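Structure first, commentary second.
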Amino acid sequence: MQEYDVVVVGKGNAALCAALSARDQGATVVMLEAASEDEHGGNSRFAGGVMRFAYETAEDLRRVTEITDEEAANADFGTNTREEFLDKLYQLTSYRTDADLSEILVNGSLDAMVWLRSKGVRFVPNWGRQSAVVDGRRKFFGNMPVEVSGGGAGLVQYLDAAVKKADIPVLYQTRAIGLIYDGATVSGVHVRQTCRALEIRAKAVVLACGGFEANPEMRARYLGPGWELAKVRGSRYNVGDGIRMALDIGAASYGNWSGCHATGWDRYAPEFGDVNVGDQFQKHSYIFGLLINADGKRFVDEGVDFHSFTYAKYGGEVLKQPGQFAWQVFDAKVTKLLRSEYRIKFVTKVSANSLEALALQLEGVNAGEFLKTVRDYNAAVRQDVPFNHVIKDGKGTVGIEPPKSNWAQPLDTPPFDAFATTCGITFTFGGLRIDKDSGQVLDSNLLPMPGLYCAGEMVGGLFYFNYPSGTGLVSGAVFGRIAGTAAGAASKN
Ligand SMILES: Cc1cc2nc3c(=O)[nH]c(=O)nc-3n(C[C@H](O)[C@H](O)[C@H](O)COP(=O)(O)OP(=O)(O)OC[C@H]3O[C@@H](n4cnc5c(N)ncnc54)[C@H](O)[C@@H]3O)c2cc1C
């Protein structure tokens with residue numbers, strides 16, 4: 001038997017932030033990672049690394065990353081005030097987000113970024129993915145101008161170095177399978193380490209071991225029939241262990257248990273994420289093209305908003321289509337606007353010089369209906385509004401269902417390219433209910449459970465139906481810090 005002040009279950013972003021925060025309270029800490037050292041880091045390691053936080057001025061951004069005077073003078077970083085961030089969260093979650101949790105997330109977001117930087121994380125302006133030059137000046141869109149250098153893999157690497165520096169041991173291939181609980185207090189975890197069973201005792205346990213996105217049985221049970229067929233965008237280790245362990249001893253479930261974050265993802269991507277490809281199986285430029293299902297029909301408004309505010313729910317829409325796939329179709333006018341992920345080596349793509357020739361290559365699609373859909377769409381595009389990809393340009397369609405609200409241009413310029421996608425699940429929204437100030441898990445009477453804390457994807461109540469991009473990592477940092485600090489302090493009392 002081993003004994004520590006705090007045991008942190010998981011080794012993704014939320015767990016790393018929790019472990020460092022507990023250590024800062026003077027606690028002895030151990031981290032348990034189900035994966036091997038090669039595969040450590042959870043979904044955090046697969047993440048693109050964009051992070052959404054509240055800021056108003058370039059000075060706020062300079063607390064997080066280096067921006068030279070020249071860069072500041074030549075760029076419009078926009079804003080993401082607390083009000084804007086909170087409004088977006090409310091809007092996208094249909095006003096379901098927990099009022100206390102979302103306020104803590106938003107209000108704590110800039111501080112969390114500054115703290116991450118103090119722990120050695122390097123941030124850079126997101127020149128590549130979220131900006132474009134407009135009238136000689138770089139303009140950022142999507143209210144998210146900063147990303148981690150090296151993406152999610154970089155984030156895990158920086159925090160891993162901080163954990164080593166703080167002398168926090170990590171036990172790999174050590175899967176937590178149950179909580180040590182006497183009916184009143186949690187005092188450690190039961191683990192399976194390779195082939196042996198162990199107990200690790202602690203005064204406080206922080207669960208930060210992800211949702212149930214990599215568990216097909218739980219996906220079908222909670223998200224609904226068909227979800228077992230989704231591809232997993234990231235780690236194969238997030239199988240709902242932490243949530244199950246806590247529910248087993250009476251923790252309260254919370255949030256949108258039938259909801260998840262899921263995106264368009266290469267149709268033939270592997271079952272789980274590939275760290276060498278990272279997030280590049282995603283296909284986020286659909287706002288400039290059409291999404292076509294097996295019946296040859298469109299099924300969503302591709303241009304209702306920037307991808308940051310629709311991509312997390314459109315994966316689920318693709319899953320609902322016959323055969324669970326959709327082709328993204330573009331013409332040559334927008335080729336230069338497609339994100340880098342459209343140019344990777346592993347991509348399911350067809351091209352043709354006419355729509356008729358393309359139709360024959362769209363595997364599984366009713367070619368005649370596809371051609372009719374494009375004809376109707378082309379005829380419906382408003383000609384009186386100019387196209388502008390850096391704003392919601394209002395260049396929409398008239399008289400077709402579903403409409404395309406922005407960035408609608410006729411599909412008329414060869415060559416035409418099409419990319420086959422299916423649904424890739426990122427993480428699940430349902431989780432545990434926590435005390436907002438301490439991250440302590442609440443029981444079903446909504447009373448704090450002594451010794452038990454949680455953070456990251458496991459926290460229920462923040463996201464419902466949809467999600468603004470870049471919020472997962474910030475949420476992990478904000479609630480990881482809160483849980484780690486409280487667990488560390490409690491273990492010293
Ligand atoms: C492809 C992709 C791209 C993304 N891009 C972005 C982005 O750009 N910006 C953003 O904000 N978010 C992004 N996300 C979402 C983001 O990655 C997650 O919200 C975030 O990483 C969750 O952090 P976490 O620490 O809660 O979970 P994870 O990082 O998944 O960590 C969970 C940890 O728990 C471990 N574990 C699981 N079960 C056990 C067990 N029983 N015992 C011990 N250990 C266990 C896992 O191995 C892992 O180490 C992306 C996700 C993916 C998959």
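We number each residue from 1, following the sequence as shown. Ligands are counted one by one from 1 in listed order, and the atoms in each one are counted from 1 as well. Remember, predicted model here, so these are calculated numbers, not experimental data.
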**Item:** atom 5 (N) of ligand 1: the protein heavy-atom neighbour that sits closest, reported with distance to 0.1 Å
**Value:** Gly48 N, 3.0 Å
**Asked** Can you tell which part of Val191 has a heavy atom less than 4.0 Å from ligand 1: side chain, backbone, both or neither?
**Response** neither
**Prompt:** For atom CZ of Arg343, is the number of surrounding heavy atoms from other residues, nucleotides or ligands below 6.0 Å larger than 12?
**Reply:** yes
**Message:** Give me the nearest non-hydrogen protein atom to atom 38 (N) of ligand 1 as residue plus atom name, then the distance to 0.1 Å.
**Reply:** Tyr237 O, 3.3 Å
**Asked** Which of the listed options, Gly472, Gly424, Gly41, Ala47, holds the heavy atom that is closest to atom 4 (C) of ligand 1?
**Response** Ala47
**Closest protein heavy atom to atom 23 (O) of ligand 1, given as residue, atom name and distance to 0.1 Å** = Ser44 OG, 3.4 Å
**Prompt:** Is the closest basic N to carboxylate O distance between Lys119 and Asp24 below 4.0 Å?
**Reply:** yes
**Asked** How are the rings of Tyr95 and Tyr90 set relative to one another: parallel (under 30°), tilted (30 to 60°) or perpendicular (over 60°)?
**Response** tilted
**Request:** List every atom of ligand 1 that sits less than 4.0 Å from any heavy atom of Phe46, numbering the atoms from 1 in the order shown and giving each element.
**Result:** 1 (C), 2 (C), 3 (C)
**Request:** Could you tell me the residue and atom name of the protein heavy atom closest to atom 18 (C) of ligand 1, and the distance to it rounded to 0.1 Å?
**Result:** Glu457 OE2, 3.6 Å
**Prompt:** ligand 1 and Ala14, any nitrogen or oxygen pair closer than 3.5 angstrom?
**Reply:** yes
**Item:** Charged N-O contact under 4.0 Å between Arg236 and Glu39
**Value:** yes
**Request:** Give the ring-plane orientation class for His261 versus Phe429, where under 30° counts as parallel, over 60° as perpendicular and anything between as tilted.
**Result:** perpendicular
**Asked** Among Val189, Asn238, Thr263, which one has a heavy atom closest to atom 30 (O) of ligand 1?
**Response** Asn238
**Prompt:** So does Asp443 pair up with Arg433, basic N to acidic O under 4.0 Å?
**Reply:** no
**Asked** So which protein heavy atom does atom 35 (C) of ligand 1 come closest to, and at what separation?
**Response** Glu33 OE1, 3.4 Å
**Prompt:** Is ligand 1 under 4.0 Å from a heavy atom in the side chain of Ser469, in the backbone, in both, or in neither?
**Reply:** neither
**Candidate pair Trp127 and Phe140, rule ring pair (Phe, Tyr, Trp, His ring centres under 6.0 Å), full reasoning** = CA-CA 8 Å; Trp127 303 116; Phe140 285 82; 5.5 Å; yes
**Request:** Using side chain to side chain donor-acceptor pair (under 3.5 Å) as the criterion, point out the one residue from Asn43, Thr426, Thr428 that pairs with Glu457.
**Result:** Asn43
**Item:** Gly152 near ligand 1 by a heavy-atom separation under 4.0 Å
**Value:** no
**Asn43, Thr174, Thr471, Val156: member with heavy atom nearest to atom 28 (P) of ligand 1** = Asn43
**Request:** Using a strict 4.0 Å cut-off to heavy atoms of Ala208, name the atoms of ligand 1 that fall inside it.
**Result:** 32 (C), 33 (C), 34 (O)
**Prompt:** With a cut-off of 4.0 Å, which atoms of ligand 1 are near a heavy atom of Thr426?
**Reply:** 50 (C), 51 (C), 52 (C), 53 (C)
**Sub-4.0 Å atoms of ligand 1 with respect to non-hydrogen atoms of Asp241** = 40 (C), 41 (N)
**Message:** Among all protein heavy atoms in this structure, tell me which lies nearest to atom 9 (N) of ligand 1, with the distance rounded to 0.1 Å.
**Reply:** Val50 O, 2.8 Å
**Prompt:** Hey, does Gly49 come in under 3.5 Å of ligand 1, counting only N/O atoms on both sides?
**Reply:** yes
**Prompt:** How close does the nearest protein non-hydrogen atom get to atom 42 (N) of ligand 1, and which residue and atom is it?
**Reply:** Ala176 N, 3.0 Å
**Prompt:** Can you list the atoms of ligand 1 that are under 4.0 Å from a heavy atom of Leu32?
**Reply:** 43 (C), 44 (N)
**Request:** Below 4.0 angstrom from a heavy atom of Val9, which ligand 1 atoms are there? Numbered from 1 as shown, please.
**Result:** 42 (N), 43 (C)
**Carboxylate-amine/guanidinium contact Arg221 Glu217, below 4.0 Å** = yes
**Asked** Hey, is Asp305 close enough to Lys392 for a salt bridge, meaning N to O under 4.0 Å?
**Response** yes
**Request:** Check whether any N or O atom of Arg175, backbone or side chain, sits under 3.5 Å from an N or O atom of ligand 1, and answer yes or no.
**Result:** no
**Top protein contact for atom 43 (C) of ligand 1, by heavy-atom distance** = Ala34 N, 3.4 Å
**Message:** Residue-level breakdown please: for Tyr172 versus ligand 1, do any non-hydrogen atoms fall below 4.0 Å on the side chain, on the backbone, on both, or on neither?
**Reply:** neither
**Complete:** In ligand 1, the atoms that come under 4.0 Å of a heavy atom of Gly10 are 33 (C), 34 (O), 35 (C), 44 (N)
**Request:** Hey, can you tell me if Trp407 and Phe306 have their rings parallel, tilted or perpendicular (30° and 60° cut-offs)?
**Result:** tilted
**Message:** If you measure every N or O of Lys11 against every N or O of ligand 1, does any of those distances drop under 3.5 Å?
**Reply:** yes
**Item:** Trace of the salt bridge (Lys or Arg N to Asp or Glu O under 4.0 Å) decision for Arg481 with Asp111
**Value:** CA-CA 11 Å; Arg481 282 180 78 198; Asp111 272 356; 5.5 Å; no
**Asked** What atoms of ligand 1 come within less than 4.0 Å of a heavy atom belonging to Tyr467?
**Response** 10 (C), 11 (O), 12 (N)
**Asked** Looking at the rings of Tyr314 and His307, which for Trp means the six-membered one, are their centres under 6.0 Å apart?
**Response** no
**Asked** Taking the inter-plane angle between the rings of Phe212 and Tyr222 on a 0 to 90° scale, is it parallel (under 30°), tilted (30 to 60°) or perpendicular (over 60°)?
**Response** tilted
**Asked** Under a 4.0 Å heavy-atom limit, does Leu473 contact ligand 1 with its side chain, its backbone, both, or neither?
**Response** both
**Asked** So does Asp241 pair up with Arg244, basic N to acidic O under 4.0 Å?
**Response** yes
**Asked** Counting heavy atoms not belonging to Glu84, are there more than 12 under 6.0 Å from its CD?
**Response** yes
